[in-house]
J.: 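A single structure is presented below for examination.
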Protein chains: 2
Amino acid sequence: MTRTSPDIRVAVSTVIFTLRPSPEGATLALPLVRRTRDPFEGLWALPGGWFDETEGLDAAASRTLAETTALAPSYLEQLYAFGDVDRSPTRVVSIVYWALLRQDQVDEQRAAHEADGTAPENVQWFAAEDLPRLAFDHNTIVDYALWRLRNKVGYARIAHGLLPDEFTLADLREVHESILGRKLDPANFRRQIEASGTLIPTERFRTGSHRPARLYRYDGAIELAARGPIPTPTDTDTTDRNEER
Amino acid sequence: MTRTSPDIRVAVSTVIFTLRPSPEGATLALPLVRRTRDPFEGLWALPGGWFDETEGLDAAASRTLAETTALAPSYLEQLYAFGDVDRSPTRVVSIVYWALLRQDQVDEQRAAHEADGTAPENVQWFAAEDLPRLAFDHNTIVDYALWRLRNKVGYARIAHGLLPDEFTLADLREVHESILGRKLDPANFRRQIEASGTLIPTERFRTGSHRPARLYRYDGAIELAARGPIPTPTDTDTTDRNEER
DNA sequence: ACAAAAGTGTTTGACATACACCCATGT
DNA sequence: ACATGGGTGTATGTCAAACACTTTTGT
């Protein structure tokens with residue numbers, strides 16, 4: 001208790017999920033950063049950085065996320081603190097967050113980069129299920145984040161965090177199917193979502209090659225997930241505690 | 001990414017739960033330590049300390065727990081990392097764990113202390129629902145740990161972590177009732193537990209003032225709680241990741 | 001007209017709740 | 001014998017899964 005704090009540095013990393021169009025509907029993807037210095041130089045790693053002394057944990061996660069993607073997350077939650085002795089040559093404790101980004105915002109960002117040629121160097125998006133060997137223990141961290149996402153989508157209304165403001169039930173179902181990796185019954189999915197009371201139907205419809213589908217939007221008055229008794233979201237209003245259930 | 005780590009210290013704290021006998025069955029209790037130095041001197045705080053440079057997060061939590069109670073936890077899980085800028089006069093990030101202690105072990109420990117007069121100074125057990133004002137943000141932390149415990153007891157088999165090796169279903173039900181704060185139907189409780197398949201019936205019975213009740217013990221081959229795809233419990237075999245559900 | 005997706009209705013089974021009832025022991 | 005908690009049986013409601021069916025559009 002009375003010993004002074006040894007030389008341990010604190011880092012923040014974030015597992016950032018979004019959906020990419022793919023042959024079979026959509027695929028979870030996340031951005032990685034190629035390391036340009038010694039520990040694990042050349043390998044891909046989760047975006048992150050050191051803490052600024054004047055910012056809280058959530059703020060640091062948001063900042064490093066913005067530095068990588070130039071986007072604000074639609075969902076942000078602390079995942080876990082990793083601090084094994086051997087996870088890095090020097091002693092580093094990483095506070096890891098996970099986040100969701102809206103599909104359309106990522107697309108806009110990507111289009112802008114292609115237009116003005118300011119493609120971010122050393123940042124690349126990978127399919128979440130097909131990652132290379134990552135630096136540090138980051139493969140373990142991504143696996144854990146994926147597990148948490150799949151778990152949480154079953155009981156918390158977070159899937160719309162990957163969609164634009166207005167979406168059809170088929171869109172939302174496709175998100176669930178992409179995350180869970182299996183098909184869902186459209187009829188039962190509709191009833192579950194409607195019963196949850198978290199979606200507001202609009203008067204607009206999406207017209208496609210078949211019968212038009214009603215567009216819905218998320219009811220912002222309802223919290224994304226059940227949280228602890230003392231919410232205390234420090235900065236973003238989309239920040240949440242972990243474990244919900 | 002390239003800035004160097006500022007002066008942030010990393011601490012570990014643990015919310016340690018056990019059950020105390022009380023008029024209405026049993027009550028959740030936790031040990032607190034009176035602060036003897038400046039930030040919040042005189043107030044009660046969660047047991048904890050700084051990290052040893054050579055130990056992992058889980059090990060540090062176990063160590064500080066042992067320093068406070070001289071006991072090994074029957075369950076240990078990381079709760080959350082707290083790092084608001086204003087939570088301490090100096091910048092401290094606390095990795096907080098929560099733990100369960102077996103009732104009988106705590107009793108033994110207490111009896112030993114009373115016998116040889118080595119009552120630990122500055123450590124005192126408090127009822128979890130009736131705490132004084134604590135140092136730092138520790139009231140918030142305890143509330144969150146209580147929420148997580150109540151949540152988790154509903155879907156994970158952790159309640160036996162508060163009981164001796166052999167116990168009756170009434171004992172186990174009392175634990176659930178104490179944690180949840182409401183009475184449970186004995187018949188339905190029995191069926192739920194039996195259906196979970198986590199308890200092994202013994203041939204022993206507890207004889208009381210009425211019909212003897214069968215003693216059960218926990219099936220150690222079954223994990224306490226569903227965990228992520230990559231378990232990696234670093235030291236204790238009772239260590240678990242947070243949030244399962 | 002027909003294909004295909006949107007949306008509705010119905011049946012089934014799993015499971016939690018409520019509660020009536022029987023069992024076995026100490027006093 | 002009887003009070004008390006241990007333990008079983010049974011009816012009810014909720015909800016998710018499965019799937020047949022109707023509706024509405026584009027071609």
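In the text below, chain A, chain B and the rest are named by the order of the sequence lines, each starting its count at 1. Reckoned from all heavy atoms, side chains included, excluding hydrogens, waters and symmetry mates.
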J.: For the side chain of B:Pro212, starting at C-beta, report the closest nucleotide among D:dG6, C:dA4, C:dA24.
T.: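 Closest nucleotide among those given: C:dA24.
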J.: Ignoring hydrogens and geometry beyond distance, is the side chain of A:Asp185 in donor-acceptor contact with the base of D:dA16 at under 3.5 Å?
T.: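 Answer is no: no donor-acceptor pair is held.
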J.: Would one find a side-chain N or O of B:Arg211 under 4.0 angstrom from OP1 or OP2 of D:dG5?
T.: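 No, no such contact exists.
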J.: For the rings on B:Tyr144 and B:Trp98, is their centre-to-centre separation under 6.0 Å?
T.: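 For B:Tyr144 and B:Trp98, the ring centres are not under 6.0 Å apart.
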J.: Any carboxylate oxygen within less than 4.0 angstrom of a Lys/Arg side-chain nitrogen, looking at B:Glu166 and B:Arg204?
T.: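 B:Arg204 and B:Glu166: salt-bridged.
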J.: Quickly work out the A:Arg173 CZ to D:dA17 P distance and round it to whole Å.
T.: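 It works out to 14 Å between those atoms.
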J.: Separation of B:Phe205 atom CZ from C:dC23 atom C1', in whole Å?
T.: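 Taking CZ of B:Phe205 and C1' of C:dC23, I get 12 Å after rounding.
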J.: Rounded to whole angstroms, how far apart are NE2 on B:His210 and P on D:dG7?
T.: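 Between P of D:dG7 and NE2 of B:His210: 14 Å.
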J.: From CD of B:Glu177 over to P of D:dG5, roughly how many Å is that when rounded to an integer?
T.: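 After rounding, the gap between these two atoms is 12 Å.
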J.: A:Leu46 and side-chain contact (heavy atoms from CB on, under 4.5 Å): which partner among A:Ser94, A:Pro31, A:Ser13?
T.: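 Testing each of A:Ser94, A:Pro31, A:Ser13 against A:Leu46, the sole residue satisfying side-chain contact (heavy atoms from CB on, under 4.5 Å) is A:Ser13.
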J.: In whole angstrom, what separates B:Leu172's CG from D:dG5's P?
T.: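 Nearest whole value for this atom pair: 18 Å.
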J.: Closest approach to the side chain of A:Asn188, judged atom by atom: which nucleotide of D:dC19, D:dT24, C:dT25 is it?
T.: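 The listed nucleotide nearest to A:Asn188's side chain is D:dC19.
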J.: Considering heavy-atom distances to DNA chain D, does B:Tyr216 or A:Gln192 have its closest nucleotide positioned more toward the 5' end?
T.: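 Whichever sits nearer the 5' end wins; that is B:Tyr216.
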J.: What is the distance from CG of B:Leu199 to P of D:dG7, rounded to the nearest Å?
T.: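 Rounded to the whole Å, the gap is 12 Å.
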J.: At 4.0 Å (heavy atoms only), tell me whether A:Ala187 reaches a base, stays on the sugar-phosphate, or touches nothing.
T.: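 Contact class for A:Ala187: base.
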J.: Quickly work out the B:Phe167 CZ to D:dG6 P distance and round it to whole Å.
T.: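 B:Phe167 atom CZ is separated from D:dG6 atom P by 14 Å.
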J.: How about B:Tyr216 and B:Phe167: are their ring centroids closer than 6.0 Å?
T.: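 No: the rings miss the under 6.0 Å criterion.
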J.: Before giving the answer on side-chain hydrogen bond (donor to acceptor under 3.5 Å, both in side chains), spell out for B:Arg148 and B:Asn151 the whole-Å C-alpha distance, their side-chain angles and the decisive distance to 0.1 Å.
T.: CA-CA 5 Å; B:Arg148 182 94 135 240; B:Asn151 227 7; over 6 Å; no
J.: May I have the distance from B:Asp171 (atom CG) to D:dG6 (atom P), rounded to whole angstrom?
T.: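 Rounded to the whole Å, the gap is 9 Å.
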J.: For A:Arg191 and B:Thr168, take the nucleotide of DNA chain D holding the closest heavy atom to each; which residue's nucleotide lies nearer the 5' end?
T.: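 Here B:Thr168 is the residue nearer the 5' end.
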